[in-house]
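Every number for a ligand or one of its atoms is a count from 1 in the order of the listing. Residues: numbered from 1 along the sequence shown.
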Amino acid sequence: MFRTRFAPSPTGYIHIGNVRSAIYPYLIAKQSDGKFILRIEDTDQKRYTAGATELIVETLRWLGLNWDEGIEVGGPNAPYFQSERKELYQKYALDLIKKGRAYPDPTPPETIDEYRKSDSAKKIPYLYRNHRPEESNLPPEEILKIWHEGVPLRFKSEPKNYEWHDEVMGDLKTGPEVCDDIILIKKDGLPTYNFAHIVDDYEMRITHVVRGVEYLSSMPNYLALYEALEIDHPKFVSLPHVLAEQGNKKLSKRDGAKSAVDYKNDGVLPEAMLNYLTCLGWNDGTEQEIYTKDELIEKFSISRIQNSSARFNETKLLWQNGMWIRKIFDEDGCDALYERTTSFWPETADSYSDDYRKQVLSIIYDRLKVLGDLKTMTEYFFASPNIDLDFLTSNKFLKKFSEQELADLLRISVDRLQKIPEENWNPDKIQNALNELFTETGTKPAELFSLIRIATSFAPFSPALHLTAHVLGRENFLSRLNSTRSALINDEN
Ligand code: GLU
């Protein structure tokens, strides 16, 4: 039974790459009937942003990544905000002090800066252990006294080689040049990420640490801490970067990457987001592209996580979202999809019945990339469109006709369509009438269809004409054709 965690820092924004660091550990835990834990790493108060934790919670809940232990739900290791676990870290720090592996450091920041500059001028790698203050040699009682006066506590490192296995990156090793005296507890009494996560992962009995490769360079220091604390380390699963669509940069907020919640607000379905992000850097070796959450839980495997960067591709995400929209409609029915659309209709739809909106949805769903498309794509179902004759006459199939010819075609169409009585106004009858109209007018389907479609919607796209006509209703449809015809005639005069 595996125990994994998502341990974000509440800095205000979870980009897509970060979300993957929540999905993978979730899947790993679930496929072993294990536990997924949500811990908030908020010990760096300078980076803290109000509302960020809520955003994390919203994202995970939206994606259905429900955690078994963590903030809000509690658990045996509560509290799950690191800022509320200060005493625990102090206990582990004390252990290191007693073992002679931690020391208080009163060195002012300016002096540390000087060390850095002088090492760089001498072209030697900057390592703090070469500048240890004399306090580093004091006995534990003395160390405790100085530490309690409010100075940072540092790890007393040993230059060593390290070899370890990463489940994604393979066997790795480093030389002694990367081991250093990292800060364990800051002046404000809160631990650094470097120290806190080790204590917490151990206390929470985490079996797999899943996180970005950016932490790999600190691994020797983490391994040194596990050693000094005499505790076992979990398995390490380092996820390669997610690159932005263009160039070689990591996906980042600064470069305009949207957050998961932005996509939620656009009308991306959580199923699609989960599907897309899981497959961003993982595959099961088949051609399959659409996976349900249950399938992902079943099929996900750490051994098939790619060890090279994955590239974010919004077009693919939206394509998969379109597939998911169709899947839900086709497999679970119109009502199931309709339930998801509540906040995505144009305002003008408010006064229409659920039934009417479902009819609209059922003829347009297969054209939606995001549910937000409903706002722009369905306006003309809820309000008469503004007649825009330029839009009509510049259409590539219609520009060869004069306005009078277009008006005449509309008159003939109205004459034919109004022969269908109200009770027979259904897609089949409408389709038959339209077919007859080609013969009667000698136009090509693209010409007549474009004319009738634009004359009743003034939209760049619409669902199949007979379906649109049916949903709009006989009276409404004929009246729109007539209005456009009148406009064409008046324009001519
Ligand atoms: N708090 C770290 C972050 O937000 C998490 C790293 C980890 O998962 O250990 O980047």
Quiz: residues 60-67 side-chain donor-acceptor pairs under 3.5 angstrom, not counting sequence neighbours:
from: R61; atom 1: NH2; to: E72; atom 2: OE1; distance (Å): 2.9
from: W67; atom 1: NE1; to: I71; atom 2: O; distance (Å): 2.8

(message) With ring pair (Phe, Tyr, Trp, His ring centres under 6.0 Å) as the rule and sequence neighbours excluded, what pairs involving residues 185-225 come up?
(response) F2-H208, Y193-H197, Y193-Y215, H197-Y222
(request) Can you tell me which residues line ligand 1 if we count any heavy atom under 4.0 angstrom from one of its atoms, in chain and number order? (result) R5, A7, P8, S9, E41, Y193, R211, Y215
(message) Under a 3.5 Å threshold, yes or no: a donor from one side chain and an acceptor from the other, between N194 and T192?
(response) no
(message) Taking C179's backbone N and O only, do any of them form a donor-acceptor pair with R129's side chain (distance below 3.5 Å, no angle check)?
(response) yes
(message) Restricting to side-chain contact (heavy atoms from CB on, under 4.5 Å), what partner residues turn up for A464, sequence neighbours left out?
(response) H466, L467
(request) May I ask you to check whether W282 and Y291 place their ring centres under 6.0 Å from each other? (result) yes
